[in-house]
Amino acid sequence: MHKVLETLIDLQDVDTRLQRLEAAKGDLPQRVQNVSAQVEETKTILEQKMAEKETISSEQKTIHTDVEELKQKLKKYKVQLYEVKTNKEYDAITLEIETSEQKIDEQEYRNLELEEASAKLDEVIASLQEKIVDLSELLIDYRKDLEAKLAATKTEEEALRSRRAEMVQNLTKPILSAYERIRQGRGGVAVAKLINGACSECSSRIPPQRALEIRMMDRMYLCEVCGRIVVWTQDYQPVENAK
Ligand SMILES: [Zn+2]
């Protein structure tokens with residue numbers, strides 16, 4: 001059991017270092033992910049706005065064609081107006097002229113509305129494009145930072161992971177799973193030390209008799225308050241210092 005407890009102490013040490021490496025990356029991985037999602041989202045909105053603009057300009061083309069046709073008709077009617085023989089004919093053509101003029105007015109008004117909408121869309125599109133450029137620059141910066149951090153700690157992290165894999169081999173499944181369970185429930189720290197008669201992690205007093213037993217290091221004792229594995233490490237040298 002002495003050996004097992006020593007392995008647990010080493011394992012805790014490795015896990016704490018790994019946790020610190022992870023913390024050193026900070027929220028960069030999250031930030032990279034967030035900004036990248038924002039870029040994608042903005043691109044989607046931009047595509048929608050471009051499509052809206054396309055719809056508007058195709059309606060404007062149709063209006064332009066219609067108005068040209070109406071103007072041609074109007075010219076024809078006006079010529080016909082000089083050739084009428086009866087009042088009835090005159091009235092009929094006048095009505096046609098009025099109707100065509102009204103239609104032209106309506107179409108031109110609609111065209112103005114579309115032009116306004118199109119100008120507004122241009123502004124939106126320009127600001128979206130600007131936003132994409134800004135976000136993309138930010139993303140490049142975050143990615144660079146993250147890569148630099150990853151590169152700096154890569155070797156250390158790999159070494160720790162391979163040491164961890166070896167240690168884990170020396171532990172039985174129940175002990176390893178107890179360790180993992182406590183670690184996950186206790187902020188990454190499963191192993192506490194007996195220091196001055198107290199648990200090093202939660203500072204609660206450990207009864208003297210229990211403390212004596214813990215010093216023997218021949219059984220696994222859990223802190224009654226925080227539930228961590230309490231060990232005695234007075235003469236124990238962590239592996240990396242004992243080299
Ligand atoms: Zn405790």
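Start at 1 and go down the list; that is how both ligands and their atoms are numbered.
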Under-4.0 Å salt bridge between D13 and R17: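 Yes, charged N to carboxylate O under 4.0 Å.
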Test item: side-chain donor near acceptor, N34 and Y142, under 3.5 Å: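 Absent: no donor and acceptor within the cut-off.
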Please give me the minimum heavy-atom distance between [X] and [Y], naming the atom from each residue.
{"X": "T99", "Y": "L95", "result": "OG1-O, 2.6 Å"}
{"X": "Q12", "Y": "A190", "result": "OE1-N, 2.6 Å"}
{"X": "V231", "Y": "I214", "result": "C-CG2, 4.0 Å"}

Under the side chain to side chain contact (heavy atoms under 4.5 Å, CB included) test, residues paired with M50 that sit two or more places apart: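 For M50 the side chain to side chain contact (heavy atoms under 4.5 Å, CB included) partners, ignoring immediate neighbours, are L46, I125, Q129.
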Within-2.8 Å protein N/O/S contacts of the Zn ion (ligand 1):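 Protein N/O/S atoms under 2.8 Å of the Zn ion (ligand 1): C199 SG, C202 SG, C223 SG, C226 SG.
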